Amino acid sequence: MASFQSLPGFRDFYPDELARRNFIFRLWRQTVTAFGFSEYDAPVLEPLDLYKAKSGDEIEGQLFSFTDKGGRDVALRPEMTPTVCRMVGAKANALKRPIKWFSIAEFYRYERMQKGRGRSFFQLNADIFGEAGPEAETELIALLVQCLCAFGLTEQDFYVRLSDRNLWFYYLGALGLDEPRIRGVLGAVDRYEKYGDDAFKGYTEQFGELDAIVKNKVLAFLQIKSLAMLEATLSAQADGRIASRLADWRKLLGGLEAMGLSRYIEVDLGVVRGLAYYTGFVFEAFDRKGELRAIAGGGRYDDLVEKLGGPALPAVGFATGDMTFGLLLEQRGLMPALVQTIDVYCVIGGEQERGPAFAAIQGLRAAGFGVEYPLKDVAFGKQFKAASEAGARLALIYGSEEIAKGVVKIRDMTDRSEREVPINDVVTAVRDSLQG
RNA sequence: GCGGCCAUAGCUCAGUUGGUUAGAGCACUAGAUUGUGAUUCUAGGGGUCGCGGGUUCGAAUCCCGUUGGCCGCCCCA
């Protein structure tokens with residue numbers, strides 16, 4: 001029994017598991033590239049203050065952090081957003097707008113293991129900087145939807161809940177609440193789905209009982225399921241900010257509708273994404289069955305680049321992780337059987353034939369074909385079995401009879417047909433066979 | 001950080017009220033088959049029963065601790 005094992009919450013990726021991971025990454029990358037995003041990368045280790053500045057000191061308990069040999073307090077990155085804000089902020093004036101960037105990277109959080117959550121995980125992060133209007137949200141939500149659809153997931157499998165922290169602020173402000181109270185109410189809203197009326201306990205402890213009329217309006221706001229209901233509910237409000245915000249909503253939902261994506265989108269003001277750094281629209285993708293934690297989440301964070309020392313730069317982004325996403329694909333049977341296959345398996349008769357075989361193997365590999373052969377002499381039967389299991393489409397037979405005739409036998413592993421070609425024409429013959 | 005359940009071969013699991021040398025299927029390797037891949041048959045490798053301590057003549061089995069895993073709470077950037 002092995003004396004060592006991987007640390008709690010960390011995963012080994014054996015070849016078949018890495019194949020699944022790479023399958024996901026490949027489709028993500030392909031999709032995001034189709035939307036015109038550029039890939040970037042960054043250090044795994046960052047100054048601890050980068051995260052403290054954003055989220056406060058208490059965040060440290062959830063980080064892998066330590067003091068390096070130079071006395072610097074550092075942390076393994078728990079998310080990409082502060083890093084990408086720093087990078088964009090440093091070169092903001094030199095970057096073409098809109099800035100559309102993405103990354104696929106590993107993150108670390110010192111947390112308790114749970115289904116769909118470990119201490120190390122991978123995320124796709126996609127962000128748009130420099131666009132303050134809802135056009136950026138349209139683009140990102142469309143991208144998020146396509147990142148899921150690319151795997152064969154449909155509106156039967158997932159949906160995106162769309163909400164708006166600004167609207168909550170305007171609405172509750174118009175009802176007479178100050179900012180601390182608004183944040184208190186949003187905290188309750190965040191928990192309402194799970195705890196019902198108990199969600200307001202925290203608010204009551206801090207500010208006293210919430211006025212019954214206000215509370216009913218909050219609960220009514222949570223019932224809103226469409227733009228029409230939103231407009232109807234807010235039509236009474238004279239606030240100009242609300243009117244212009246509704247115009248943003250129309251633009252965002254109109255854009256998504258024109259893209260044919262309305263069936264994936266649900267208006268749901270119950271999503272407020274914690275109380276972190278989000279400043280406007282927020283959205284989260286969930287599985288329809290409600291069995292898993294959120295598949296993806298994102299929103300607007302217009303203040304963060306400036307907060308981290310850059311220029312004022314509006315931004316929207318989302319992230320989706322590999323763990324919950326992989327669970328969803330497997331639940332829906334959308335994870336294909338991924339077998340690494342080769343083009344050609346070279347069957348070698350014995351020591352005498354290895355020379356000519358090796359010449360062909362090297363030539364075929366140099367020409368870009370995937371070629372395998374037995375490292376040691378093995379019975380023919382075994383070699384054909386190995387060829388079959390390796391997924392080879394062709395077997396090249398270098399036997400004593402063939403070599404004596406100056407030919408190589410090419411066996412099509414699919415239909416079991418065989419033909420002989422001159423030994424010097426192997427590369428051409430293989431190319432013809434694989435293309436035909 | 002808190003609570004519940006769990007831990008036997010690479011995987012899925014048997015293992016009787018505590019009793020001799022801990023088993024099966026799958027997987028892997030080899031042979032049957034020294035020139036042709038799905039089957040079949042045979043054999044083999046692989047375990048200090050998660051780890052440490054205790055009870056006992058005797059522990060995979062009972063008790064305590066510990067580590068790891070699953071699930072829920074907290075949190076979720």
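Every chain is numbered from 1 and lettered A, B, ... according to where its sequence line falls, protein lines coming before strand lines. Remember, it's a predicted structure, so these values are computed and weren't measured experimentally.
Nearer the 5' end of RNA chain B, as judged by each residue's closest nucleotide, is the contact made by G381(A), out of Q114(A) and G381(A). The residue among G116(A) and E418(A) whose nearest nucleotide of RNA chain B is located toward the 5' end is E418(A).
Between the side chain of D322(A) and the backbone N or O of F122(A), at least one donor-acceptor pair lies under 3.5 Å.
In this structure, F384(A) counts as stacked on the base of U36(B) under the 5.5 Å centre distance and 30° plane angle limits.
Listed nucleotides: C71(B), G69(B), G31(B). Nearest to the side chain of K382(A): G31(B). Comparing atom distances between the R117(A) side chain and each of A77(B), G35(B), C76(B) picks out C76(B) as nearest. Of all nucleotides listed (G37(B), A77(B), G35(B)), A77(B) comes nearest to the side chain of Y277(A). Listed nucleotides G37(B), A77(B), G35(B) differ in distance to Y278(A); the shortest reach to its side chain belongs to A77(B). Of the listed nucleotides (G37(B), A77(B), G35(B)), G37(B) has the atom at the smallest distance from the side chain of S388(A). Nearest to the side-chain atoms of R416(A) among the listed nucleotides A38(B), G35(B), A77(B) stands A38(B). When distances run from any side-chain atom of R109(A) to the nucleotides C76(B), U36(B), G69(B), the shortest one goes to C76(B). Distance from the side chain of M113(A) is smallest for G69(B) among the nucleotides G35(B), C75(B), G69(B).
Nucleotides U55(B) and G45(B), compared at atom P, are 37 Å apart to the nearest Å. Spacing between C63(B) and C13(B) at atom P, rounded to whole Å, works out to 23 Å. When the C1' atom is compared between U21(B) and C26(B), the two are found 25 Å apart, to the nearest whole Å. Of the C1' atoms belonging to G18(B) and C75(B), the separation is 45 Å, rounded to the nearest Å. Spacing of P atoms, G52(B) relative to G68(B), comes out at 16 Å, to the nearest Å. On the P atoms, C49(B) is 22 Å away from U56(B), given to the nearest whole Å. Between the P atoms of A27(B) and U42(B), the separation comes to 15 Å (whole Å). Taking atom C1' on both nucleotides, U61(B) is separated from G25(B) by 23 Å, rounded to a whole Å.
Geometrically, K100(A) does not engage F35(A) in a cation-pi contact, judged by NZ or CZ lying under 6.0 Å from the ring centre and within 45° of the ring axis. A cation-pi arrangement is not found for R161(A) relative to F283(A), the charged atom failing to lie both closer than 6.0 Å to the ring centre and inside a 45° cone about the ring normal. Within the cation-pi definition used here (under 6.0 Å to the ring centroid, within 45° of the axis), R21(A) qualifies as a partner of F13(A).
As a whole-Å value, the separation of K405(A) NZ from G35(B) P is 16 Å. I410(A) places its CD1 atom 19 Å from the P atom of G37(B), with the value rounded to the nearest Å. Remark: C1' of A27(B) and CG of D16(A) are 12 Å apart, rounded to the nearest angstrom. One atom, CZ of R191(A), and another, P of C73(B), lie 12 Å apart when rounded to the nearest Å. In this structure, Q383(A) places its CD atom 14 Å from C1' of U33(B), rounding to the nearest Å. L63(A) has its CG atom 13 Å from the C1' atom of C76(B), to the nearest Å. Between the OH atom of Y110(A) and the C1' atom of A77(B) there is a distance of 19 Å, given to the nearest Å. In this entry the distance linking NZ of K115(A) with C1' of C73(B) reads 17 Å, nearest Å.
With hydrogens and angles left out, the side chain of R293(A) and the base of C76(B) share a donor-acceptor pair within 3.5 Å. R112(A) contributes no side-chain N or O that forms a donor-acceptor pair with the base of C70(B) under 3.5 Å. For G1(B), its base never sits under 3.5 Å from the side chain of E111(A) at any donor and acceptor pair. Judged by distance alone with a 3.5 Å cut-off, a donor-acceptor contact links the side chain of K409(A) to the base of U36(B).
Contacts of G391(A) with the nucleic acid, taken as non-hydrogen atoms under 4.0 Å apart, are absent. Counting non-hydrogen atoms under 4.0 angstrom, M413(A) reaches a base of the nucleic acid. As judged by a 4.0 angstrom heavy-atom cut-off over every strand, E284(A) is placed among residues making no nucleic acid contact. In this structure, P78(A) reaches the bases: a heavy-atom distance under 4.0 Å links it to at least one base atom across the strands shown.
Aromatic rings of Y373(A) and Y345(A) (six-membered ring for Trp) have centroids beyond the 6.0 Å cut-off, not under it. Checked against a 6.0 Å centroid threshold, the rings of F102(A) and Y40(A) do not count as neighbours.
Comment: R332(A) engages D157(A) in a salt bridge, judged by a side-chain N to carboxylate O separation of less than 4.0 angstrom.
Summarising the base pairing, G46(B) is matched to no nucleotide, lacking a Watson-Crick or G-U wobble pair whose two defining distances lie under 3.5 Å. Using Watson-Crick or G-U wobble geometry with both donor-acceptor distances under 3.5 Å, A7(B) finds its partner in U67(B). Pair assignment for A22(B) gives none, since no Watson-Crick or G-U wobble pairing has each distance under 3.5 Å. Base pairing analysis places C73(B) opposite G1(B); the two distances defining the Watson-Crick or G-U wobble pair are each below 3.5 Å.
At least one side-chain nitrogen or oxygen of K194(A) sits closer than 4.0 Å to the OP1 or OP2 atom of C73(B). Residue R273(A) places at least one side-chain N or O under 4.0 Å from the OP1 or OP2 atom of A77(B).
Note: F23(A) and F151(A) have perpendicular aromatic rings, judged against thresholds of 30 and 60 degrees for the angle between ring planes. Using cut-offs of 30° and 60° for the angle between ring planes, the Y171(A) and W168(A) rings count as perpendicular.
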